[in-house]
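Here the structure comes first, spelled out in C-alpha coordinates, and everything after it is commentary.
Numbers here simply count residues along the sequence, with the first being 1.
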Amino acid sequence: GERDAPAAPVRHHGPVTRRTRLALVLVAGLLLGGAMAACEEPVDCTGTGAVAHRDLRYASSPGTSAALQSLDLYTPVRRAGCAAAPLVVWVHGGAFVTGDKSNGITRKVDLFTKQGWAVASLNYRLVDHPGAGPTAGRYPAPEQDVASALAFLRRSASTYGLDAGR
(Lines give C-alpha, C1' and ligand atoms only; values in the text may rest on other atoms or scores of the structure.)
Protein backbone atom coordinates (compact mmCIF):
# COMPACT_ATOMS: atom_id res chain seq x y z
CA GLY A 1 0.00 0.00 0.00
CA GLU A 2 0.77 3.60 -0.18
CA ARG A 3 2.19 5.50 2.72
CA ASP A 4 1.39 9.04 3.71
CA ALA A 5 4.25 11.41 3.18
CA PRO A 6 5.67 12.85 6.38
CA ALA A 7 4.41 16.33 7.21
CA ALA A 8 6.74 19.16 6.32
CA PRO A 9 8.20 20.90 9.33
CA VAL A 10 6.62 24.27 10.19
CA ARG A 11 9.05 27.10 9.59
CA HIS A 12 8.76 30.43 11.33
CA HIS A 13 9.85 33.45 9.40
CA GLY A 14 10.72 35.53 12.38
CA PRO A 15 9.08 36.43 15.67
CA VAL A 16 5.29 36.99 15.88
CA THR A 17 4.83 40.71 16.36
CA ARG A 18 2.32 42.47 18.57
CA ARG A 19 0.63 43.76 15.44
CA THR A 20 0.17 40.20 14.12
CA ARG A 21 -1.21 39.00 17.46
CA LEU A 22 -3.62 41.94 17.61
CA ALA A 23 -4.82 41.24 14.06
CA LEU A 24 -5.41 37.56 14.93
CA VAL A 25 -7.34 38.49 18.07
CA LEU A 26 -9.51 40.94 16.09
CA VAL A 27 -10.25 38.39 13.36
CA ALA A 28 -11.10 35.73 15.96
CA GLY A 29 -13.35 38.20 17.78
CA LEU A 30 -15.19 39.09 14.56
CA LEU A 31 -15.69 35.44 13.70
CA LEU A 32 -16.88 34.58 17.19
CA GLY A 33 -19.16 37.64 17.29
CA GLY A 34 -20.73 36.64 13.96
CA ALA A 35 -21.30 33.12 15.22
CA MET A 36 -22.89 34.46 18.41
CA ALA A 37 -25.20 36.78 16.41
CA ALA A 38 -26.35 33.83 14.32
CA CYS A 39 -27.38 32.03 17.52
CA GLU A 40 -29.50 34.88 18.89
CA GLU A 41 -33.20 34.21 19.35
CA PRO A 42 -35.32 35.51 16.46
CA VAL A 43 -37.91 38.17 17.24
CA ASP A 44 -41.30 36.66 18.11
CA CYS A 45 -43.61 38.05 15.43
CA THR A 46 -46.81 36.31 16.44
CA GLY A 47 -49.73 38.65 16.92
CA THR A 48 -51.18 39.81 20.20
CA GLY A 49 -54.30 41.34 18.66
CA ALA A 50 -55.48 43.05 15.50
CA VAL A 51 -56.13 46.57 14.26
CA ALA A 52 -59.20 46.84 12.01
CA HIS A 53 -59.15 49.22 9.04
CA ARG A 54 -62.76 49.07 7.88
CA ASP A 55 -64.44 50.03 4.64
CA LEU A 56 -61.30 50.92 2.67
CA ARG A 57 -62.52 51.88 -0.79
CA TYR A 58 -60.38 50.11 -3.39
CA ALA A 59 -62.35 51.27 -6.47
CA SER A 60 -65.17 53.63 -7.35
CA SER A 61 -66.99 52.55 -10.49
CA PRO A 62 -69.73 54.96 -11.61
CA GLY A 63 -73.12 54.20 -10.08
CA THR A 64 -71.70 51.52 -7.77
CA SER A 65 -72.32 51.52 -4.03
CA ALA A 66 -69.16 52.15 -1.97
CA ALA A 67 -70.06 49.12 0.17
CA LEU A 68 -69.67 46.83 -2.87
CA GLN A 69 -66.16 48.07 -3.68
CA SER A 70 -64.57 48.17 -0.24
CA LEU A 71 -62.53 45.90 1.97
CA ASP A 72 -61.74 45.47 5.62
CA LEU A 73 -58.07 45.03 6.51
CA TYR A 74 -56.97 43.52 9.81
CA THR A 75 -53.31 43.99 10.68
CA PRO A 76 -51.63 42.07 13.50
CA VAL A 77 -50.28 43.82 16.58
CA ARG A 78 -46.68 42.56 16.85
CA ARG A 79 -43.43 43.38 18.59
CA ALA A 80 -41.06 45.99 17.20
CA GLY A 81 -38.45 44.55 14.85
CA CYS A 82 -40.81 42.31 12.87
CA ALA A 83 -40.73 42.40 9.10
CA ALA A 84 -43.77 43.51 7.15
CA ALA A 85 -46.73 41.16 7.64
CA PRO A 86 -47.69 38.59 5.01
CA LEU A 87 -51.29 38.93 3.83
CA VAL A 88 -54.24 36.56 3.43
CA VAL A 89 -56.98 37.85 1.11
CA TRP A 90 -60.45 36.47 1.83
CA VAL A 91 -63.03 36.61 -0.96
CA HIS A 92 -66.41 35.64 0.47
CA GLY A 93 -68.51 32.97 -1.17
CA GLY A 94 -72.00 33.30 -2.58
CA ALA A 95 -71.52 32.63 -6.31
CA PHE A 96 -71.20 36.39 -7.00
CA VAL A 97 -74.90 36.75 -6.11
CA THR A 98 -74.92 37.04 -2.32
CA GLY A 99 -72.59 37.46 0.66
CA ASP A 100 -70.62 40.11 2.51
CA LYS A 101 -67.03 40.68 3.62
CA SER A 102 -68.09 40.41 7.27
CA ASN A 103 -69.59 36.90 6.98
CA GLY A 104 -67.66 34.54 9.26
CA ILE A 105 -64.58 36.76 9.31
CA THR A 106 -64.03 36.96 13.09
CA ARG A 107 -62.56 33.45 13.42
CA LYS A 108 -60.38 33.92 10.35
CA VAL A 109 -58.98 37.20 11.64
CA ASP A 110 -58.22 35.62 15.01
CA LEU A 111 -56.56 32.59 13.41
CA PHE A 112 -54.28 34.51 11.05
CA THR A 113 -53.40 37.61 13.07
CA LYS A 114 -52.30 35.42 16.00
CA GLN A 115 -49.72 33.98 13.60
CA GLY A 116 -48.57 37.48 12.59
CA TRP A 117 -50.44 37.61 9.26
CA ALA A 118 -52.71 40.41 8.05
CA VAL A 119 -56.16 39.59 6.65
CA ALA A 120 -58.13 41.48 4.00
CA SER A 121 -61.78 40.62 3.47
CA LEU A 122 -63.39 42.22 0.45
CA ASN A 123 -66.75 42.94 -1.07
CA TYR A 124 -67.34 43.03 -4.81
CA ARG A 125 -70.24 43.85 -7.13
CA LEU A 126 -72.97 41.23 -6.79
CA VAL A 127 -75.08 40.08 -9.75
CA ASP A 128 -78.37 42.00 -9.94
CA HIS A 129 -77.68 43.87 -6.69
CA PRO A 130 -79.33 47.32 -6.72
CA GLY A 131 -75.99 48.98 -5.86
CA ALA A 132 -73.99 47.19 -8.58
CA GLY A 133 -74.29 50.08 -11.04
CA PRO A 134 -74.67 49.87 -14.82
CA THR A 135 -72.95 46.47 -15.03
CA ALA A 136 -75.59 44.93 -12.74
CA GLY A 137 -72.65 43.01 -11.28
CA ARG A 138 -72.44 40.71 -14.28
CA TYR A 139 -69.22 39.15 -15.56
CA PRO A 140 -66.51 40.44 -15.55
CA ALA A 141 -67.41 43.09 -12.93
CA PRO A 142 -66.90 40.92 -9.79
CA GLU A 143 -63.61 39.55 -11.10
CA GLN A 144 -62.43 43.07 -11.98
CA ASP A 145 -63.29 44.17 -8.44
CA VAL A 146 -61.17 41.39 -6.93
CA ALA A 147 -58.27 42.41 -9.20
CA SER A 148 -58.73 46.08 -8.18
CA ALA A 149 -58.71 45.11 -4.50
CA LEU A 150 -55.45 43.18 -4.94
CA ALA A 151 -53.88 46.15 -6.76
CA PHE A 152 -55.03 48.49 -3.96
CA LEU A 153 -53.46 46.22 -1.32
CA ARG A 154 -50.18 46.07 -3.22
CA ARG A 155 -50.11 49.88 -3.62
CA SER A 156 -50.98 50.37 0.06
CA ALA A 157 -48.62 47.73 1.47
CA SER A 158 -46.16 50.20 3.01
CA THR A 159 -49.00 52.24 4.56
CA TYR A 160 -50.34 49.24 6.44
CA GLY A 161 -47.09 47.33 7.08
CA LEU A 162 -47.81 44.55 4.58
CA ASP A 163 -45.31 42.44 2.67
CA ALA A 164 -46.42 43.05 -0.93
CA GLY A 165 -44.64 39.88 -2.05
CA ARG A 166 -46.37 37.55 0.40
Mind checking ring pair (Phe, Tyr, Trp, His ring centres under 6.0 Å) for Phe152 and listing every partner two or more places apart, or none if nothing turns up? none

Where is the tightest heavy-atom contact between [X] and [Y], given as atom of each residue plus distance?
{"X": "Thr64", "Y": "Ala132", "value": "OG1-O, 3.5 Å"}
{"X": "Thr113", "Y": "Pro76", "value": "O-CB, 3.6 Å"}
{"X": "Ala118", "Y": "Ala85", "value": "N-CB, 4.2 Å"}
{"X": "Gln69", "Y": "Asp145", "value": "NE2-OD1, 2.9 Å"}
{"X": "Ala50", "Y": "Val77", "value": "N-CG2, 4.0 Å"}
{"X": "Tyr58", "Y": "Ser70", "value": "CE2-N, 3.2 Å"}

Among pairs that include at least one residue of residues 79-96, which meet salt bridge (charged side-chain N to carboxylate O under 4.0 Å, His left out), considering only residues two or more places apart or in two chains? none

Under 6.0 Å from the CZ atom of Arg154, do we count more than 12 heavy atoms belonging to anything else shown? no

State whether the number of non-hydrogen atoms from other residues, nucleotides or ligands found under 6.0 Å of Lys114 atom NZ is greater than 12. no

I'd like to know if Asp44 and Arg78 make a salt bridge, using a cut-off of under 4.0 Å between side-chain N and carboxylate O.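 Not counted as a salt bridge, because no side-chain N and carboxylate O are separated by less than 4.0 Å.
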
Under 4.5 Å side-chain heavy-atom separation, chaining through any Ile, Leu, Val, Met, Phe, Trp or Tyr, what else clusters with Val119? Say none if it is isolated.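 Tyr74, Val88, Trp90, Ile105, Val109, Leu111, Phe112, Trp117, which link up through side-chain heavy atoms under 4.5 Å apart, make up the rest of the cluster.
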
Separation between [atom1] of [X] and [atom2] of [Y], rounded to the nearest 0.5 Å:
{"X": "Leu73", "Y": "Arg54", "atom1": "CG", "atom2": "CZ", "result": "11.0 Å"}
{"X": "Arg166", "Y": "Leu87", "atom1": "CZ", "atom2": "CG", "result": "11.0 Å"}
{"X": "Leu71", "Y": "Ser121", "atom1": "CG", "atom2": "OG", "result": "8.5 Å"}

Kindly write out the residues that satisfy side chain to side chain contact (heavy atoms under 4.5 Å, CB included) with [X], not counting sequence neighbours, or none if the list is empty.
{"X": "Ala84", "answer": "Asp163"}
{"X": "Val91", "answer": "Val89, Leu122, Tyr124, Val146"}
{"X": "Thr135", "answer": "Arg125, Ala141"}

Flag side-chain contact, heavy atom, 4.5 Å: Leu126 against Thr98: no

Is it the case that one hydrophobic cluster holds both Val97 and Leu68, taking links as side-chain heavy atoms less than 4.5 Å apart, direct or via other members?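 Result: yes, single cluster for both.
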
